[in-house]
There are 2 protein chains.
Amino acid sequence: MALWIQITPGSDEPIYLQIVEQVGEAIAKGQLAVGDKLPAVRKLASELVINPNTVARAYTILEQTGLVTTKTGSGTFVADPALRSKDAADINMLADRIDGILSRGLNLGLESQDIIAMFKDRLEKFIKTRQGGRQKK
Amino acid sequence: MALWIQITPGSDEPIYLQIVEQVGEAIAKGQLAVGDKLPAVRKLASELVINPNTVARAYTILEQTGLVTTKTGSGTFVADPALRSKDAADINMLADRIDGILSRGLNLGLESQDIIAMFKDRLEKFIKTRQGGRQKK
DNA sequence: CATAATGTACTAATGATAATAATACACTAC
DNA sequence: GTAGTGTATTATTATCATTAGTACATTATG
């Protein structure tokens with residue numbers, strides 16, 4: 001598995017955020033384990049045909065979020081989950097995002113049980129990937 | 001209840017999107033019922049001290065989403081839920097947003113049951129407001 | 001019919017930001 | 001020392017949110 005990050009340049013979602021999200025999901029799903037090394041800034045930029053600054057920006061955010069640690073000279077690595085924050089602000093932001101989804105779902109005409117089912121279904125996929133074994137190179 | 005929309009100008013969330021979200025949530029929670037009239041573009045803009053174009057933009061999006069119907073000359077009204085779409089693209093977008101929340105929650109160190117509990121808790125608040133009676137003027 | 005109120009359309013200008021570009025610097029591994 | 005790594009800096013371009021001002025079309029009211 002050389003490269004699993006795929007960007008959509010024309011999207012309304014900025015490229016650096018697309019990278020942040022995909023790396024985040026990979027970590028959440030266990031496809032990236034603690035200590036795993038992310039692609040080098042220049043290498044990833046080269047493969048995605050984007051500017052190194054854009055990748056560097058994504059990595060900086062990932063580091064501020066606590067998902068990765070960077071060591072200048074050696075690389076960027078998936079951080080120890082125990083070191084991640086989980087403070088009140090994080091929880092509130094999560095609640096806001098949940099509210100947004102519920103609002104959208106209900107206004108689409110979905111019933112409560114439909115939304116919960118959908119939520120559990122997506123969660124299953126995360127957990128399954130987690131246990132299903134890590135596809136390390 | 002003269003005005004329930006509150007914006008945060010300095011936010012990273014655009015003002016027109018803040019309006020869209022708040023109106024959407026109000027409809028989802030039943031604080032706005034079918035046929036209810038939204039504030040006039042110029043009036044709301046005046047009260048929020050923003051440009052009428054910004055409000056108009058929000059209303060245009062709400063209409064494209066199917067949440068409201070607009071009649072030039074009379075005003076903007078909450079639309080009939082039966083007329084709203086719910087196509088595959090909507091469901092996919094919802095799934096993507098759910099994935100984002102799950103990713104963030106798991107990476108914060110939350111357990112599956114914690115996230116589900118949080119999700120149900122927020123959902124309760126939506127439903128409760130819905131049944132709890134409409135506070136019409 | 002006349003007037004006011006409504007949503008819509010258009011053009012222009014400003015400020016913020018995403019992204020690219022080209023360097024240069026600092027640290028680490030071999 | 002050399003190569004590979006992340007970081008910092010400055011400049012430039014393009015896009016977009018927002019404001020601003022104006023004009024138009026439709027509807028409600030009297």
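Because the structure is predicted, anything quoted here is derived from the model rather than measured. Naming: A, B, ... by sequence-line order, numbering from 1 per chain.
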Exercise. Does the side chain of B:Ile116 reach to within under 4.5 Å of the side chain of B:Gln113, using non-hydrogen atoms?
Worked result: no
For this session: Grab the CG-P distance between A:Asn53 and C:dA22 for me, whole Å please.
Result: 11 Å
For this session: Would you give the length of the straight line joining atom CD1 of A:Ile101 to atom CD1 of B:Ile101, rounded to the nearest 0.5 angstrom?
Result: 3.5 Å
For this session: Measure from the side-chain heavy atoms of B:Ile50 and tell me the nearest of D:dT7, C:dA21, D:dT19.
Result: D:dT19
Exercise. Take atom CD in B:Glu124; do more than 12 heavy atoms of anything else shown fall under 6.0 Å from it?
Worked result: no
Seminar exercise, completed: From CD1 of A:Ile61 across to P of C:dA19 the rounded distance in Å is 10 Å
For this session: Any chance you could lay out the side chain to side chain contact (heavy atoms under 4.5 Å, CB included) test for B:Lys43 and B:Glu47, step after step, and finish with the verdict?
Result: CA-CA 6 Å; B:Lys43 188 183 177 193; B:Glu47 299 196 31; 3.2 Å; yes
For this session: Return yes when atom CD of B:Glu13 has more than 12 non-hydrogen atoms of other residues, nucleotides or ligands closer than 6.0 Å, and no otherwise.
Result: yes
For this session: Return the nearest nucleotide to the side chain of A:Thr72; candidates are C:dT8, C:dA22, D:dG6.
Result: D:dG6
Problem set entry | Between P of C:dA16 and CD of B:Glu13, the distance in whole Å | 19 Å
Seminar exercise, completed: Considering only heavy side-chain atoms of A:Val41, the closest of D:dT19, C:dA19, D:dG6 is D:dG6
Problem set entry | First of A:Lys71 and A:Thr54 reached from the 5' end of DNA chain C, by closest nucleotide | A:Thr54
Exercise. Does A:Thr70 have a side-chain nitrogen or oxygen under 4.0 Å from the phosphate oxygens OP1 or OP2 of D:dT7?
Worked result: yes
Exercise. If only side-chain N and O atoms of B:Tyr16 are considered, is one of them under 4.0 Å from the OP1 or OP2 phosphate oxygen of D:dA17?
Worked result: yes
Problem set entry | Phosphate OP1/OP2 of D:dG6 contacted by A:Thr76 side-chain N/O (<4.0 Å) | yes
Exercise. How long is the line joining CD1 of B:Ile19 and P of C:dG7, in whole Å?
Worked result: 13 Å
Exercise. CG of B:Leu44 versus C1' of C:dG7: gap in Å, rounded?
Worked result: 14 Å
Exercise. Taking atom P of D:dG6 as reference, at what distance in whole Å does atom CD of A:Gln64 sit?
Worked result: 16 Å
Seminar exercise, completed: In whole angstroms, the gap separating C1' of D:dT18 from CD1 of B:Ile15 amounts to 7 Å
For this session: Check whether any side-chain N or O of B:Arg57 sits under 4.0 Å from OP1 or OP2 of D:dA17, and answer yes or no.
Result: yes
For this session: Can you figure out which of C:dC25, C:dA19, C:dT8 approaches the side chain of B:Arg42 most closely?
Result: C:dT8
Exercise. To the nearest angstrom, how far is A:Asn51 atom CG from C:dA19 atom P?
Worked result: 10 Å
